[in-house]
Amino acid sequence: MEENRYSPQETEKKWQEIWKKKDFHNTDLSEKKRKKFYGLVMFPYPSGDKLHLGHWYNFGIADSAFRFQKMQGQNVFAPFGFDSFGLPAENFAIKTGVHPADTTEANIKVMERQIDEIGGMYDFDKEVVTSRPDYYKWTQWLFLQMYKNGLAYRKNEPANWCPECQTVLANEQVQGGKCDRCGSEVTRKMLNQWALKLSSYAEKLLDYEGLDWPEKTIKMQQNWIGKSHGAEIDFRLTDGDGILTAYTTRPDTIYSVTFVCIAPEHPLVDDLVKGTKYEKEVNEVRSKINKQTLIERTSEGGEDKIGCFTGRYVVNPVTKEEIPVYIANFVLMYGTGVVMACAHDQRDFEFAKKYNISLRFVISENGEKTDPKNFEGAYTGDGVLFDSGDFSGMNNREALPKMVSFMEGLGFGRATVNYKLRDWLLSRQRYWGAPIPIVYCDKCGEVPVEESSLPVELPRNVDFKPTGDGMSPLAKCSDFVNTKCPKCGGPAKREVDTMDTFVCSSWYYLRYPCSKMTDKPFDKDVLKKWMPVDLYIGGPEHACMHLIYARFVNRVLFDLGLIDHKEPFKKLIHQGMITKDGAKMSKSKGNTVSPDEFVAKYGSDVLRMYLMFMGPYSDGGDWSDKGIVGISRFQDRFFRVIADEKEVVDMNEMHRSLHKLIKKVSEDIESFHFNTAISALMEFVNLAMKNGLDRASKKVLVQLIAPLAPHLAEECFSLIGEEKSVFESVWPKFDKKLIVESKVKLGVQVNGKVRGEIEVDIDASKEDVLELARSLSNVQKYLVLGEVVKEIFVPGKVIGFVVKEK
RNA sequence: GCCUGGGUGGCGGAAUUGGUAGACGCGCAGGACUUAAAAUCCUGUUCCUUCACCGGAGUGCGGGUUCGAUUCCCGCCCUAGGCACCA
């Protein structure tokens with residue numbers, strides 16, 4: 001007897017070649033017939049390592065989602081590119097001497113080939129590579145637009161400094177006080193830095209209207225942006241006319257304020273102590289604080305609270321008391337950089353105890369007077385005010401707005417909002433990045449490069465070893481540094497820092513549909529058609545980095561009238577992480593798992609489906625190959641169901657099941673529940689093994705599995721005589737009439753416990769159903785134990801009797 | 001400390017406007033085919049008790065609401081991720 005067997009290795013190669021030959025995945029961007037669908041996976045860094053299972057999970061499953069959309073009849077655009085500037089290539093270069101441009105281009109070639117092995121429908125024709133001049137030219141252009149509109153500026157400020165990577169980091173790139181690349185403890189370093197006014201977009205970035213994003217991601221961003229409502233309160237210095245303005249979210253505690261703290265890096269500190277006997281000590285403490293790493297400075301716990309008295313006093317505007325001003329390490333340049341300190345804040349409380357500053361309470365649970373002397377820590381709860389002038393006796397939360405208006409009336413306070421979000425420091429003292437297009441001229445000062453002379457090309461022959469003094473390697477390249485001033489033509493020097501790679505990735509989604517344009521970064525009309533990205537897939541670790549920067553840049557371009565859409569990514573999905581033995585896969589841990597052996601053994605469709613079958617897409621999971629053989633068996637059974645000729649036993653039942661399957665698979669793929677879509681397909685295939693399947697149903701079945709197992713589906717589709725690609729066919733629709741069940745099984749409960757089961761017509765009357773249920777002997781047994789006081793009938797679900805014992 | 005998720009068989013996981021918990025797959029056990037093996041197919045598989053039926057327990061722990069709770073409420077524990085001296 002002839003056996004039909006599926007051979008994934010040959011078949012997959014065959015279809016990959018056919019797709020390539022037909023240019024199947026090259027999207028016609030100008031097509032008008034179908035609706036557009038822009039699907040995007042966050043572009044990868046072109047690492048020299050081979051693709052691991054995480055990549056497959058990411059790119060393979062995203063591809064299934066895009067193929068599904070294609071079969072919905074949409075013109076799908078799923079481009080691919082590389083985020084190719086950055087430290088790994090540069091560090092590799094320092095170690096080996098191979099130029100980053102060479103390793104990067106070589107790695108890209110290797111990765112492209114590996115993506116093909118997944119069987120993805122990615123469009124490489126519109127590829128974007130951020131380290132190529134035809135791309136970073138426009139990254140520089142973007143910087144100039146920011147600059148011209150006052151959104152890019154230079155500031156001399158202590159910045160986050162990674163001593164290992166020898167570069168500045170943005171706030172977003174410091175994770176728990178450590179460099180998010182290399183894990184070194186971040187220190188502070190005074191540097192002249194380019195920054196983008198991200199903070200001025202805080203409020204706009206809080207608008208998520210129309211976005212289909214995971215709630216969790218929005219929460220994370222909101223948390224990062226950190227909007228708080230509070231008040232600014234002015235404290236007049238006792239000598240001179242100076243005013244220190246404090247920001248507080250607790251103006252209700254104003255009557256308890258017994259001292260004021262100012263951030264050590266606050267520009268007013270010098271004025272406060274200049275020429276006084278406190279100057280020396282303040283400067284000593286300041287430099288001590290400055291030397292602290294971010295972790296030391298910001299870790300909680302009273303021990304490491306340090307500060308010192310400035311010798312100056314201010315007046316508490318409501319109690320009129322003269323209170324001392326301190327510098328303190330726990331006060332950051334947030335809000336106004338000045339805080340009013342009191343016994344109702346734990347940090348202030350600890351600081352006061354350490355430096356013997358007097359404390360006083362004005363809130364207690366019931367309004368009875370309490371004294372901090374009898375307390376170990378601050379009272380931070382709500383309650384009733386006392387010793388608070390006219391506000392005594394009121395609930396503190398109710399009094400809060402009234403106290404603000406009271407202070408507003410007297411002119412020393414006002415309601416304000418604050419954000420934790422800071423500006424985006426983008427200078428990097430590294431070689432492998434896009435040069436910042438600015439020159440410095442002795443005569444004209446800081447001058448932007450003319451747009452017409454972009455790109456400012458990154459010179460190739462540079463000693464990229466770190467200079468050791470915190471300077472960019474480009475500083476040593478005199479051919480690069482020395483240039484002419486675009487304004488006066490005189491001698492000038494180029495900016496030698498390069499841009500944070502997150503600038504490159506903040507706008508790449510705009511470039512894909514316009515990647516062939518040489519005279520502009522993008523075209524407004526083309527983007528009007530293709531933006532926003534309909535489905536964006538990437539890891540949740542980018543919630544407070546790339547996803548904030550991209551929204552910011554997009555919004556700026558919108559405000560400048562250069563594009564027509566407010567938000568770049570309409571729907572966002574995060575893939576979960578694939579771990580090995582519970583740990584993140586990484587080369588250094590040596591726990592990466594290569595897909596190769598599984599592809600060789602079972603085929604790429606099987607690996608892809610197995611990854612999907614592990615669980616919900618956003619959960620990720622711990623890798624184990626234990627169950628992959630089950631998917632492989634399923635692939636074989638699927639093929640046999642299609643390939644074998646078998647008499648169909650129960651046509652009607654098969655059709656009903658098939659239509660239920662269409663509904664289930666459609667909904668599950670749409671909602672990224674690939675695991676249950678596959679289960680449903682398995683159930684159906686098992687049924688079809690038994691009952692056989694007619695040709696029309698086979699066609700539908702093949703269509704349903706196509707997004708999940710593209711090669712298998714193409715092979716089966718041609719096997720049953722279809723001439724076109726399955727991906728050119730239209731997704732099947734289910735017939736509502738066919739999925740309605742005529743009979744239904746009901747559980748019969750007595751006092752909530754299941755005692756039997758009956759099968760009835762779906763529209764059977766309550767009386768009939770109850771009658772039948774009562775007649776079950778095992779139900780009878782429990783009914784006779786007492787009196788039936790209640791009968792429950794939930795159509796299609798359950799029948800219940802409540803029996804009360806006699 | 002704060003903000004999110006999540007805890008279900010030996011394992012990955014299904015199922016929640018409250019209604020028969022454990023779909024599907026792995027593994028395991030038994031059987032068929034085979035000289036034998038592989039492959040394939042069939043049957044069983046939450047735990048306890050039982051030959052079997054019946055029965056009891058059961059969705060992290062402790063309470064509560066309900067005829068009925070994996071699902072809702074209160075209080076905990078564990079775990080993953082994010083934020084963290086933000087006044």
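The analysis underlying the following values was restricted to heavy atoms, covering all of them including side chains, and did not include hydrogens, waters or symmetry mates. These numbers were taken from a predicted model, which means no experiment stands behind them. Numbers restart at 1 for each chain; the letters A, B, ... are given by sequence-line order, proteins then strands.
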Inset, instruction - Compare side-chain N and O positions of R637(A) against OP1 and OP2 of A39(B) and report whether any pair is under 4.0 Å apart. - result: no

Legend entry - Distance test, side-chain N/O of R633(A) to OP1/OP2 of A39(B), below 4.0 Å: no

Inset, instruction - State whether K626(A) places a side-chain N or O below 4.0 Å from either non-bridging phosphate oxygen (OP1 or OP2) of C28(B). - result: no

Legend entry - Under 3.5 Å: donor-acceptor pair, side chain of N778(A), backbone of R755(A): yes

Inset, instruction - Return the stems involving RNA chain B, sorted by first number, where pairs are Watson-Crick (N1-N3 with N6-O4 or O6-N4) or G-U wobble (N1-O2 and O6-N3), both under 3.5 Å, and runs are 3 or more long. - result: B:1-7 with B:77-83, B:10-12 with B:24-26, B:27-32 with B:40-45, B:46-48 with B:55-57, B:60-64 with B:72-76

Inset, instruction - Mind telling me whether W424(A) and Y549(A) have parallel, tilted or perpendicular rings, with 30° and 60° as the class edges? - result: parallel

Inset, instruction - Can you tell me, in whole Å, how much space there is between the C1' of G58(B) and that of U20(B)? - result: 15 Å

Legend entry - Sugar-phosphate, base or nothing in reach of N686(A), heavy atoms under 4.0 Å: sugar-phosphate

Inset, instruction - For Q175(A), answer base if it contacts any base atom (sugar-phosphate contacts may also be present), sugar-phosphate if it contacts only those atoms, and nothing otherwise; contact means non-hydrogen atoms under 4.0 Å. - result: sugar-phosphate

Inset, instruction - Rounded to whole angstrom, note down the C1' distance from C33(B) over to C41(B). - result: 8 Å

Legend entry - Whole-angstrom distance between G18(B) and C72(B), as gauged at atom P: 8 Å

Legend entry - side-chain contact (heavy atoms from CB on, under 4.5 Å), paired with V748(A), selected from L770(A), V779(A), V798(A): V779(A)

Inset, instruction - Describe, in one word, how the ring planes of Y617(A) and Y57(A) are oriented to each other, choosing from parallel (under 30°), tilted (30 to 60°) and perpendicular (over 60°). - result: tilted

Inset, instruction - For N591(A) and K584(A), indicate whether the former's side chain and the latter's backbone hold a donor-acceptor pair under 3.5 Å. - result: yes

Inset, instruction - For C76(B) and U4(B), measure between their P atoms and round to the nearest Å. - result: 16 Å

Inset, instruction - Compare side-chain N and O positions of R755(A) against OP1 and OP2 of C53(B) and report whether any pair is under 4.0 Å apart. - result: no

